[in-house]
Amino acid sequence: MAEPMGFFTDTSVCIGCKACEVACKAWNQLPARNGGKVQLSGISYDNTVELNGIQWRHVKFIEDFTPDRSTERWLMMSDVCKHCVQAACLEVCPTGAIIRTEFDTVVIQQNVCNGCRSCIAACPFGVIEINPETNTAMKCTLCYDRLQAGMVPACAQACPTQSIQFGPISELRQRAQQRLEQLHAAGVMQARLYGHDESILGGLNAFYLLLDEPGKYGLPANPQLPSRNLAPSAALSAAGAVALGLLGLVGLRKQRMDRLAAEERGQGEGSHAG
Amino acid sequence: MPDSFFTHAPEWRWWIVFYFFIGGIAGGAFALAALLRLFGQPGDRPISRLGYYIAFPGSIISGILLILDLKRPERFWHMLIQSETFRPAFKWWSPISVGSWGLLAFGFFSFLAFVGALAEIGWLPRGLSGLIQGRLGVAVNVLGGLSGFFLAGYTGVLLSTTNRPLWSDTVWLGLLFLVSGFSTGAALLLLLSWRSNTPTIRWLKELDTWTLMLELVVLVILLASVGMAVLRPVLFNAWGVLLLVGVVLVGILVPIALHFRPVLGRLTVPSAAVLVLVGGFILRVVMLLSSEAV
């Protein structure tokens, strides 16, 4: 297996140019329109709004005001599939369409996916959606085809500020740590890394440097695997099945006792002769 | 904001609502029929046959609904067979994978019981009645009953094994759907046989009342386990009203009251059964679509 590869996205230098979005769409031949509808969000500079089946990179424009609106700032972040080391989508996929590649990235095989959409409900980051042109689940492949040819993913290559950096995870983690220390030394104490270590889903192969809490960027603080609920949920259901079965048996026993008692009293059970 | 609100909705809508409802009834009806076969009297046989008549068509409809819900229906078989290697596709930790096999198993056993039941009443060669009688009958009923319980309950486990609001914020949905499947299965059996007044019918009525009480308890525990941070945006709206009126009042409390005070005379039993079915359907609607609406 090749070395784990991924993205380090430094949001502190993102300028919201959307070159990554365009490069992603161009390389992956993703449609600009969603099923024929012209997409203009009408809010902010953000016309793509979310990650979905035809937008595998999405630049978030977060207008951050203080409660009295005396000061404001823009937070920008190029969002993408996190290629989790413990991936929720891969865990629940019933068909085996979602695989882990030799680069430790997560890819949906388009010829296998049957559009059951369990991966959409499982992804804690809201990354996956159905592509309306193929009717299969789609998301960033971390340019699997380019990686196999030894190339850099399209978005990272297009990024003019090196907000999106591509490379071996171990190297990116060192780089991220250095950048964090640099920002802290400059007094940006709110700067933090997200997904750079194993605390989030075993590590995110696309991890971030953020300038505020994850929630402000629309990222969950403590994302978890769907399977955390499987054993307790199944155990409760099994216990319920036993309880219902016993409830039925107690009733049948009572019915039998009543019948025997009635027979002892010499009364026939004409209506219950079968 | 709770973490489950950062996710996208899978858009499991009406096909799945109907599947959860019909699958629950089919599973519950077979489980009840199996209980009657394995532990009941010869007089219980007509009702147990009715359970088999419900279960097999229910399993067929369930399969069709699930296929229709796929975005690529022609690839439904990928659930059971790996399309690349043609080996069986089975992941015990993926509820949809296990559920696909569970539905297949339920369809198989309910088909055997269906054939056995038709043989018992003489519509098919008598020899085939061995499918629900004797040793083979015990095996069919035990395995079919277990897969029936599974079918009624796994759908809730499936919803909990996601990261979506409400569904993944509780581990009680599987139990709730199981109990509801059992009660709606009993209700449909009662509705189709209410004119007779056999001990089996009385057993079903008693059992359904107890099951409804259990359902109410489980529903209360479920809502308490979810927590206010999730309940407020998901159910403090029209969905919550529908849950209270359609499920708690119409589907549970009124049928229980009718059991203890049969004010509608001969129509009490079918009326209560209809209300239980309506409540069971609305339960699936609210649990599925309230989260989808977030």
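No experiment lies behind these values; they were computed from the predicted model shown. Order of the sequence lines sets the chain letters (A, B, ...), proteins ahead of strands, with each chain counted from 1.
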Item checked: Criterion side chain to side chain donor-acceptor pair (under 3.5 Å) on B/Gln41 and A/Arg259, from CA distance to verdict -> CA-CA 10 Å; B/Gln41 303 298 317; A/Arg259 189 172 56 88; 2.9 Å; yes

Item checked: Criterion side chain to side chain donor-acceptor pair (under 3.5 Å) on B/Asn163 and A/Arg228, from CA distance to verdict -> CA-CA 10 Å; B/Asn163 268 313; A/Arg228 72 187 180 282; 3.1 Å; yes

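Listed options A/Ala231, A/Cys113, A/Pro223, A/Ala234 were ranked by heavy-atom pairs under 4.5 angstrom with chain B; first place goes to A/Cys113. In terms of heavy-atom pairs under 4.5 angstrom with chain B, the leader among A/Ser227, A/Ala243, A/Ala221, A/Gly215 is A/Ala221. Considering only heavy-atom pairs separated by less than 4.5 Å from chain B, the leading option among A/Leu236, A/Ile120, A/Thr95 is A/Leu236. The choice from A/Ala122, A/Gly240, A/Ala121, A/Ala97 that makes the most heavy-atom pairs within less than 4.5 Å of chain B is A/Ala121. Put simply, of A/Pro226, A/Ala241, A/Ala239, the one with the most heavy-atom pairs under 4.5 Å next to chain B is A/Pro226. When each of A/Asn111, A/Ile128, A/Thr136 is checked for heavy-atom pairs under 4.5 Å with chain B, A/Asn111 comes out on top.
Of all the heavy atoms in A/Pro94 and B/Ala89, the pair that sits closest is O-CB, 4.3 Å.
Heavy-atom distances place no part of B/Leu80 under 4.5 Å from chain A, backbone and side chain included. Residue contact with chain A, scored on non-hydrogen atoms closer than 4.5 Å, is absent for B/Arg45. For a residue to count as touching a neighbouring chain, one of its non-hydrogen atoms must lie under 4.5 Å from one of that chain's; by this rule B/Pro2 does not touch chain A. In this structure, the portion of B/Phe76 lying under 4.5 Å from any heavy atom of chain A is its backbone and not its side chain. In this structure, no portion of A/Cys119 lies under 4.5 Å from any heavy atom of chain B. Both the backbone and the side chain of B/Met79 come within contact range of chain A, with heavy atoms under 4.5 Å apart.
Two residues are said to be in side-chain contact when any heavy atoms from C-beta on lie closer than 4.5 Å; A/Val112 and B/Glu84 meet this criterion.
Interface with chain A: from residues 171-187 of chain B, residues B/Val171, B/Trp172, B/Gly174, B/Leu175, B/Leu178, B/Val179, B/Phe182 qualify, criterion being any non-hydrogen pair under 4.5 Å. Within residues 4-17 of chain B, the residues having any heavy atom closer than 4.5 Å to a heavy atom of chain A are B/Phe6, B/Thr7, B/His8, B/Ala9, B/Pro10, B/Glu11, B/Trp12, listed by residue number. For residues 143-151 of chain B, the interface with chain A (any heavy-atom pair closer than 4.5 Å) comprises B/Phe149, sorted by residue number.
Using modelled atom types, no side-chain atom of B/Trp93 and backbone atom of A/Val92 make a donor-acceptor pair closer than 3.5 Å. A/Glu91 places no side-chain N or O within donor-acceptor distance of the main-chain N or O of B/Ser94, the cut-off being under 3.5 Å. Judged purely by atom type and a 3.5 angstrom limit, A/Asn222 has no side-chain atom pairing as donor or acceptor with the backbone of B/Asp3. In this structure a side-chain-to-backbone donor-acceptor pair under 3.5 Å is missing from B/Lys71 to A/Asn114.
Counting heavy-atom neighbours within 6.0 Å of A/Glu198 CD, excluding the residue itself, gives a total of 12 or less. In A/Glu213, the CD atom is not crowded: 12 or fewer heavy atoms of neighbouring residues, nucleotides or ligands sit closer than 6.0 Å. Heavy-atom contacts from other residues, nucleotides or ligands closer than 6.0 Å to CH2 of B/Trp210 number 12 or fewer.
Atom CG of residue A/Leu247 and atom CD of residue B/Glu206 lie 9.5 Å apart, to the nearest 0.5 angstrom. Atom OG1 of residue A/Thr134 and atom CZ of residue B/Arg72 lie 7.0 Å apart, to the nearest 0.5 angstrom. Interatomic distance, A/Leu225 CG to B/Ser168 OG, rounded to the nearest 0.5 Å: 12.0 Å. Once rounded to the nearest 0.5 Å, the distance linking CG of A/Asn229 with CG of B/Leu158 reads 12.0 Å. With values rounded to the nearest 0.5 angstrom, B/Leu70 atom CG is found 7.0 Å from A/Cys116 atom SG.
Residue pairs satisfying the side-chain hydrogen bond (donor to acceptor under 3.5 Å, both in side chains) criterion with at least one member in residues 237-254 of chain A, sequence neighbours excluded, are absent.
Just one residue in the list B/Leu38, B/Leu207, B/Asp44 forms a side-chain contact (heavy atoms from CB on, under 4.5 Å) with A/Leu252, and that residue is B/Asp44.
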